[in-house]
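Note that these values count all heavy atoms, side chains included, but never hydrogens, waters or copies made by symmetry. Counting starts at 1 for both ligands and their atoms, following the listed order. Here the structure is a predicted model, which means the values were calculated and not measured.
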Amino acid sequence: MKIICIGRNYAEHIVELDGNRNRPAEPVFFTKPDTALLRNNDPFYVPSFSNDMHYETELVVRINRVGRSIARRFAHRYYAEVGLGIDFTARDLQRRCIAEGLPWEVCKAFDYSAALSPRFLSLEELGGDVQRLHFMMSLNGERRQEGDTSQMIFSVDEIISHVSRFITLKMGDLIYTGTPAGVGPVVPGDHLTAELEGQTLLDFDIK
Ligand code: MG
């Protein structure tokens, strides 16, 4: 399986990132290897190579069939469940990568950088519309991020259509659909929780 992450998919997050108000022309994506997964609400250990480790809370879509060059109108057939994830980002290393035009693996694809909720919810149970889902994240009990999938710049179906032009999607692949505004640092001792449509899916310690 592979992990595909979308960047710059919520307007207010793009502004907080670099003050840019331009809507990207097409979805921006990158990948993380399967070794990036952090499962079962296991603790996240802040790695020693970063002094500015950020959370990014994202809706995660699990792909349930193989597809390539998927037309947007058929994309909804390729998923039926959603969960939540944290796209952990070494922001200090990322700034350097961006400034020097380097690839993002060191800041995005490191071990355990993709926290994944142990539980996924069926879209049908949630009302059937992937673009009408509300999620939020708290650190130490304080609300830090709140997102509504209606605010995505590129819809899940547009993302699937775009990514599958370049990379075949397979059963079990995960798409992290981008973070809303409110990203910030985690430090050892923090406790992170996140809920999707009122159900707590992420609940783990930062160590
Ligand atoms: Mg992200």
Side-chain angles (χ1 to χ4, degrees), residues 1-20 22-24 26-39 44 46-47 50 52-63 79 82-98 102-117 130-131 133-139 144-156 158-160 162-163 166-167 173-186 190 192-196 201-202 204 206:
M1 61 76 68
K2 57 189 171 288
I3 302 166
I4 290 159
C5 300
I6 307 302
R8 301 175 172 273
N9 204 26
Y10 288 84
E12 289 311 309
H13 170 62
I14 300 178
V15 173
E16 78 178 348
L17 209 56
D18 55 15
N20 188 343
N22 296 333
R23 182 184 191 274
E26 45 187 40
V28 174
F29 70 91
F30 57 91
T31 64
K32 299 190 188 223
D34 57 2
T35 42
L37 276 182
L38 177 65
R39 298 177 181 275
F44 175 77
V46 178
S50 174
D52 195 18
M53 182 59 62
H54 276 208
Y55 55 79
E56 295 187 356
T57 311
E58 312 197 0
L59 182 87
V60 180
V61 174
R62 181 155 35 214
I63 297 297
Y79 58 93
V82 290
L84 287 179
I86 305 291
D87 166 20
F88 279 111
T89 303
R91 198 69 74 200
D92 43 357
L93 301 189
Q94 188 192 31
R95 281 192 209 100
R96 201 164 78 211
C97 290
I98 290 171
L102 298 172
W104 281 15
E105 274 75 2
V106 295
C107 63
K108 286 285 200 180
F110 53 87
D111 285 355
Y112 310 120
S113 60
L116 182 68
S117 58
V130 76
Q131 302 306 143
L133 298 175
H134 187 255
F135 59 99
M136 46 197 168
M137 176 277 214
S138 299
L139 204 60
R144 291 298 174 86
Q145 287 196 283
E146 190 158 3
D148 193 289
T149 56
S150 64
Q151 300 161 356
M152 285 182 182
I153 295 172
F154 298 103
S155 69
V156 170
E158 285 174 293
I159 290 166
I160 287 174
H162 180 76
V163 170
F166 300 91
I167 298 180
D173 287 352
L174 299 168
I175 301 182
Y176 283 58
T177 57
T179 185
V183 301
V186 290
D190 284 343
L192 187 157
T193 56
E195 57 185 73
L196 172 61
L201 299 184
L202 290 173
F204 62 91
I206 310 295

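With a 4.5 Å cut-off on side-chain heavy atoms, Leu192 and Thr57 do not count as touching. In this structure, the side chains of Leu84 and Met137 stay at 4.5 Å or more apart for every pair of heavy atoms. Asp173 is not listed as a side-chain neighbour of Ile167, based on a closest heavy-atom distance of 4.5 Å or more.
With waters neither drawn nor counted, the protein N/O/S atoms under 2.8 Å from the Mg ion (ligand 1) amount to 3.
Using cut-offs of 30° and 60° on the angle between ring planes, the pair Tyr10 and Phe135 is perpendicular. Under the 30°/60° scheme for interplanar angles, the aromatic rings of Phe110 and Phe44 are found to be tilted.
Surrounding OH of Tyr112 are at most 12 heavy atoms belonging to other residues, nucleotides or ligands under 6.0 Å away.
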